Amino acid sequence: MSAPLASLKLRLRRVERARQLRHAVLILPLLLFLGFTFLVPIGTMLWHAVDDPDVARVLPRTVAALHGWNGQALPGEATFAALAADLDDAAREQTTSTAAKRLNYDVAGFRSLLMNTARHLEAEPPAAGDAQATLLAIDPRWGDLESWGAIHRASGPLTDFYLLAALDLHRTADGHIAATPAEQAVYVDVLLRTLEIGFIVTALCLLLGFPTAYLLASLPARQANLFMIFVLLPFWTSLLVRICAWIVLLQGNGLVNGLLLWSGLVDAPLRLIFNRTGVYIAMTHVLLPFMILPLYSSMKAISPAYMRAAASLGAPPWRAFVQIYLPQTLPGIGAGSLLVFILCIGYYITPALVGGGGDQMISYFIAFFTNETVNWGMAAALGTVLLTVTTLLAMAYARLVADRQTTGGLK
Amino acid sequence: MRTANQTPRTAGQRLGWMGVVIVSGLVFFFLMAPVMAIIPLSFSSGGYLLYPLPGLSLRWYQEFLGSARWMMALRNSMVIGVSTTVLAMLLGTLAALGLSQWRSRLKPLVLAVLLSPMVVPVVITAVGLYFFFAPLGLTNSFAGLILAHTALAVPFVVVTVSATLQGFDQTLVRAAASLGATPLAAFRMVTLPLILPGIASGALFAFATSFDEVVVVLFMAGPDQRTLPREMFAGIRENISPAITAAAALLTLFSVALLAALEALRRRGERLRAGGA
């Protein structure tokens, strides 16, 4: 290759690289913006699920003394003395309650144990070498391995306590992972309930959405556009407006119950709202457009020639539908169902307003721990669980949609 | 245009088609029923949210428009919504312009990041923002809410503008350049007018996202930043005053206007593309 040509090639490549850089620079402001308003906040949430600084800050000597403790036998006098000294300092700095709150998450009653012990120690500090006897005299629970295990587990700086708790698991004093007793286990049930509501709402949306999308895809464009308004208007209507309307319609003396009573189908008003029925009705209403729209676009892409070909080859209509039409809508069904499911399991407002106590999904508990009990660790851990499930499903969705694009809606 | 698979010929086909029509009719009714049910109630003269209406009146509109709480909420929603729209439109359009021509192995990853606020449950975003913004003093502030809403709304702008750019013929820009236009002039006189419908519908999506958002507001807004949906949330939680139906009716009217605007933009975009091709 001659020298001028090579240098021209080089220059072209340089120009192209500069052009690519210019394009990248246009994306940068948004990337930085979302870094600040989305990525870092999500990272902060994930961090709070494992961050555990409180006990080590309030009880530094105890934590140090417990370092390497195996959890098989009570710690020695030195550790008891360290705790007494730490509680003395904490009382002066008024930080006891911070540690007490954290330890109470792990062992119920720990708050009163710690606060009470601190109060007694303030009144009569232990003599040198007598810390163990003093503490045991104040409260026999200082003789339990569990009490020391709780402090040991909360030593920080990181913990798996919240994440394990979000899955109804905990660590025993000697460090093994064990299942939380059935009467205290709630979060697996909440997660299963969330997924169950997700499945049922998705199934309802598919059942109602498929014929509707089929009708819209089959009608002439002008009529289809007209009927599409019935799908798009509710879609664009404020979520709060729709929830409010469902409460009005479904309440005990609402329009639906009125019609049911009038028609004689029921003798007494049905409970249709503030329970699971209300959640299913309102959620299906909110999410149905998210099913109809992808189904519609996948059905629109199916050439009628296939069905004509099937008919001309002698296939009866139902067979042509099942063997030719339905398989071509599968990517649309998959995409719509995944989308509805992903959106459904993250919903908070709708179940909070139209559901009862037993119908709340995982999002409700995330909000509850953030705003009501201010247990950020637990809120973050449940958020991590929800985020993990959503991310996995979203990856499947992206795969499905990408596949559809490359095959042009066929197969 | 009716095609072979839709024209019912045999009895079985006719039956199947009838089934589709009946189910779809019920679905359309189901979808429209709440919207249809709540609007007449806003004109009720009675104090209860019940049918039949005891009489017609505009008292709930008067109460809505005369209430300092509702009016402050409306103003807050407008301020936050408009600011969010402007910010999301700027950032989103720039990014979409860059994305349309950028070729890199990193592109799928960057795209996933830019669109993820649409997929991640809002409650998670809200908790994260709350944890991160609280120490920075951005909770209980308009700035914090605008930033948060922009994060939620910007993917819609990226998607709509990118979709418009997909049908955009880059040779037009080259033609402008060959006629001596600077890149900026080419953008202003060629690219911008053609992608404007996409930007505008992205802006509508962004505004609607912010205007209807309540989860982030629940977590981050102080009493001075309560928005319309936040006020409605409180109204539904505590006790539904019929004034809420006036708010709902006005919001529905607003949705109709939004939908009409989007449809007009879509048509205009189609025309422009057809003209440009």
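These numbers were taken from a predicted model, which means no experiment stands behind them. Side chains included, hydrogens not; waters and symmetry mates left out as well; all remaining heavy atoms used. Convention: sequence-line order gives letters A, B, ...; per-chain numbering from 1.
Contact annotation for B/F133: only side-chain heavy atoms (C-beta onward) come within less than 4.5 Å of a heavy atom of chain A. Looking at A/L353, only its side chain comes within 4.5 Å of chain B, counting heavy atoms on both sides. Contacts between A/L216 and chain B at a heavy-atom distance below 4.5 Å involve the side chain alone, from C-beta outward. Using a 4.5 Å cut-off between heavy atoms, A/A305 does not touch chain B at all. Heavy atoms closer than 4.5 Å to chain B are found in the side chain of A/I247, but not in its backbone. Within the 4.5 angstrom heavy-atom criterion, only side-chain atoms of B/V158, from C-beta onward, approach chain A. Residue A/L339: no heavy atom, backbone or side chain, is found under 4.5 Å from chain B. At a 4.5 Å heavy-atom cutoff, the contact between B/L259 and chain A is made by side-chain atoms alone. Residue contact with chain A, scored on non-hydrogen atoms closer than 4.5 Å, involves the backbone and the side chain of B/I124 alike. Looking at B/L136, the atoms closer than 4.5 Å to chain A (heavy atoms on both sides) all sit in the side chain, from C-beta outward. Interface remark: B/L41 contributes side-chain atoms only to the contact with chain A (heavy atom separation under 4.5 Å). Contacts between A/V25 and chain B at a heavy-atom distance below 4.5 Å are absent for every atom of the residue. Only the side chain of A/L255 comes within less than 4.5 Å of a heavy atom of chain B; its backbone N, CA, C and O stay farther away. For a residue to count as touching a neighbouring chain, one of its non-hydrogen atoms must lie under 4.5 Å from one of that chain's; by this rule A/R19 touches chain B with the side chain only. With a threshold of 4.5 angstrom between heavy atoms, B/V154 approaches chain A through side-chain atoms but not through N, CA, C or O. Contact annotation for B/L138: only side-chain heavy atoms (C-beta onward) come within less than 4.5 Å of a heavy atom of chain A. Neither the backbone nor the side chain of A/F210 has a heavy atom closer than 4.5 Å to any heavy atom of chain B. Looking at A/L249, only its side chain comes within 4.5 Å of chain B, counting heavy atoms on both sides. For A/L386, the parts sitting under 4.5 Å from any heavy atom of chain B are the backbone and the side chain alike. In this structure, chain B has a heavy atom under 4.5 Å from the side chain of A/N371, while its backbone stays farther away. Using a 4.5 Å cut-off between heavy atoms, A/L239 touches chain B through backbone and side chain atoms alike.
Without hydrogens or angle criteria, B/E231 side chain to B/R226 main chain gives no donor-acceptor distance under 3.5 Å. A side-chain donor-acceptor contact under 3.5 Å links B/S77 to the backbone of B/L228. In terms of modelled atom types and a separation under 3.5 Å, the side chain of A/R242 and the main chain of A/T237 share a donor-acceptor contact. Using modelled atom types, one side-chain atom of A/T194 and one backbone atom of A/I362 make a donor-acceptor pair closer than 3.5 Å.
Within the 6.0 Å centre-distance limit, the rings of B/Y130 and A/W376 are counted as a close aromatic pair. Between A/Y347 and A/Y364, the ring centre distance reaches or exceeds 6.0 Å. A distance below 6.0 Å separates the ring centres of B/F30 and A/W246.
Top candidate by heavy-atom pairs under 4.5 Å with chain A, chosen from B/L106, B/L87, B/L262, B/L97, is B/L262. In terms of heavy-atom pairs under 4.5 Å with chain A, the best-connected choice from B/T150, B/L114, B/L152 is B/L114. Counting heavy-atom pairs closer than 4.5 Å to chain A, the top residue among B/T245, B/I244, B/L99 is B/L99. For chain A, the option among B/G144, B/A247, B/P229 with the highest count of heavy-atom pairs below 4.5 Å is B/P229. Ranking B/A95, B/A37, B/P117, B/A248 against chain A, the residue ahead of the rest is B/P117, based on heavy-atom pairs under 4.5 Å. Looking only at heavy-atom pairs under 4.5 Å with chain A, the residue among B/T93, B/T252, B/V120 that has the most is B/V120.
The CG atom of A/L287 sits 11.5 Å away from the CD1 atom of A/I342 when rounded to the nearest 0.5 Å. In this structure, A/Q360 CD and A/F368 CZ are separated by 11.5 Å, a value rounded to the nearest 0.5 Å. Atom CH2 of residue A/W236 and atom CD1 of residue A/I229 lie 14.5 Å apart, to the nearest 0.5 angstrom. Note that the NE2 atom of A/H285 and the CE atom of B/M32 stand 8.5 Å from one another [nearest 0.5 Å]. Between atom CG of residue A/L288 and atom CE of residue A/M291 there is a gap of 8.0 Å, rounded to the nearest 0.5 Å. The structure places CZ of A/F365 at 11.5 Å from CD of A/E372, a figure rounded to the nearest 0.5 Å.
Note on ring orientation: taking the six-membered ring where Trp is involved, the planes of A/Y214 and B/W17 are perpendicular (angle over 60°, cut-offs 30° and 60°). Between A/F36 and B/F132, the ring planes lie perpendicular to each other; the angle is over 60°, past the 30° to 60° tilted range.
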